[in-house]
Protein chains: 2
Amino acid sequence: MNNKIDAKYFEMTRISKALAHPTRMFIVDKLNEKKYCVHELTEMIGADTSTVSKHLSVLKNSGIISDEKRGNCVYYNLECTCVLNIFSCVMNVIQTNLQSAIELVDNS
Amino acid sequence: MNNKIDAKYFEMTRISKALAHPTRMFIVDKLNEKKYCVHELTEMIGADTSTVSKHLSVLKNSGIISDEKRGNCVYYNLECTCVLNIFSCVMNVIQTNLQSAIELVDNS
DNA sequence: ACAGTATTTGGCAATATTGCCAAATAGGCA
DNA sequence: TGCCTATTTGGCAATATTGCCAAATACTGT
């Protein structure tokens with residue numbers, strides 16, 4: 001795998017890396033409902049504000065969400081709802097695995 | 001975020017974590033063509049066999065791919081093609097970001 | 001059984017991610 | 001201006017991921 005190909009796939013991991021944390025998955029799920037600001041999310045998540053802020057920063061840098069300042073608060077918005085495909089994909093994987101397990105039991 | 005909710009989102013990161021590496025993205029992309037065995041993939045990737053084997057193990061444990069022994073070789077198969085949605089999602093994110101940048105320039 | 005090829009596993013050092021605290025920055029309001 | 005709330009950033013310790021080497025395991029063919 002040469003450098004160019006590696007760069008291509010590295011670019012692609014921007015999305016998967018951004019989603020590779022429970023808190024960030026939670027945030028994406030919540031932002032699919034409506035816009036939330038940092039302290040609202042922080043309260044729901046129950047971590048330090050700075051921690052949540054950094055998670056939001058990761059999602060923003062990957063291009064999945066955007067921010068918008070309203071007075072004292074910063075509201076975050078889900079830009080790419082396509083990432084929600086991951087959610088259904090997870091269900092798909094779980095079901096596929098269960099199906100394999102069932103067939104294994106049936107054939108024994 | 002209580003333990004139960006955290007467990008839910010942690011479960012969901014099984015997929016995103018598995019895809020959060022360029023080599024594993026490459027493998028998924030390749031397996032979408034056809035089944036490949038470890039030494040074929042190793043040759044394409046250009047890393048140590050053990051390294052590739054461990055990447056395959058990560059993908060397998062997440063349920064994305066499955067393995068099948070044929071004689072001396074172990075062939076891997078893409079079980080959940082839905083993960084390919086990530087690929088188009090990446091393009092989507094890139095385009096969305098470009099669009100925002102263009103609007104920013106136009107309005108200045 | 002033996003040699004050769006294919007793959008996995010254990011171990012370890014290098015690197016990356018995470019989460020908290022403290023401090024800095026920014027806006028609202030008296 | 002000064003105080004309060006909201007958010008971000010720097011720093012650091014704890015943890016997780018990664019990649020190579022060496023060794024173990026498994027199968028093929030002689």
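So that the names make sense, note that chain A is the first sequence line, chain B the second, and so on, each numbered from 1. All values below were derived from every heavy atom in this structure, side-chain atoms included, with hydrogens, water molecules and symmetry-related copies excluded.
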- Message: Using a heavy-atom cut-off of 4.0 Å across all strands, would you classify S50(B) as base, sugar-phosphate, or nothing?
- Response: base
Taking every heavy atom of V74(B) against every heavy atom of Y76(B), the minimum-distance pair comes out as CG1-CE1, 3.7 Å
Side-chain contact check for N72(B): nearest option of dT7(C), dG19(D), dA6(C) is dA6(C)
task: Look at all strands and tell whether R70(B) reaches a base, only sugar-phosphate, or nothing, counting heavy atoms closer than 4.0 Å.
output: nothing
Testing dT7(C), dT7(D), dG19(C) for proximity to the side chain of H55(A), the answer is dG19(C)
The answer to which of V74(B) and G71(A) contacts DNA chain C further toward the 5' end, by nearest nucleotide, is V74(B)
_Do M12(A) and D29(B) have side chains that approach each other closer than 4.5 Å (heavy atoms only, starting at C-beta)?_
no
From NZ of K60(B) across to C1' of dT9(C) the rounded distance in Å is 13 Å
request  = Respond yes when some side-chain nitrogen or oxygen of S53(B) is under 4.0 Å from OP1 or OP2 of dT8(C), and no when none is.
outcome  = yes
D48(B) has its side chain closest, among dA6(D), dC21(D), dT18(D), to dC21(D)
Report task. Identify whether any heavy atom of K69(B) sits under 4.0 Å from a base atom; if not, whether one sits that close to sugar-phosphate; answer base, sugar-phosphate or nothing. Result -> sugar-phosphate
Separation of dT18(D) atom P from L19(B) atom CG, nearest Å, is 12 Å
Rounded to whole Å, CZ of F26(A) lies from P of dT18(C) at a distance of 17 Å
Minimal heavy-atom distance between P22(A) and T13(B), with the atoms involved, is N-CG2, 3.4 Å
Rounded to whole Å, CD1 of I65(A) lies from P of dT7(D) at a distance of 13 Å
With the side chain defined as heavy atoms from C-beta on, H21(A) is closest, among dT7(C), dG19(C), dT17(D), to dG19(C)
Closest of dT7(D), dA6(C), dT17(C) to the H39(B) side chain is dA6(C)
Going by heavy atoms in the side chains, are L19(A) and I64(A) under 4.5 Å from each other? yes
Separation of dT7(C) atom P from E68(B) atom CD, nearest Å, is 13 Å
*Are K30(A) and E40(A) close enough for a salt bridge, meaning some N to O gap below 4.0 Å?*
no
Winner on side-chain proximity to K54(A), out of dT8(D), dC20(C), dA6(D), is dC20(C)
Rounded to whole Å, CG of L41(B) lies from P of dT8(C) at a distance of 11 Å
note: M25(B), atom CE; dT17(D), atom P; distance rounded to Å ~ 18 Å
Between A20(A) and E40(B), the residue closer to the 5' end of DNA chain C by nearest nucleotide is E40(B)
Residues F87(B) and M25(B): closest non-hydrogen pair is CZ-O, 3.7 Å
Could you tell me whether Y76(B) contacts a base, only the sugar-phosphate backbone, or nothing, with contacts defined as non-hydrogen atoms closer than 4.0 Å? sugar-phosphate
note: R14(A), atom CZ; dA16(C), atom P; distance rounded to Å ~ 18 Å
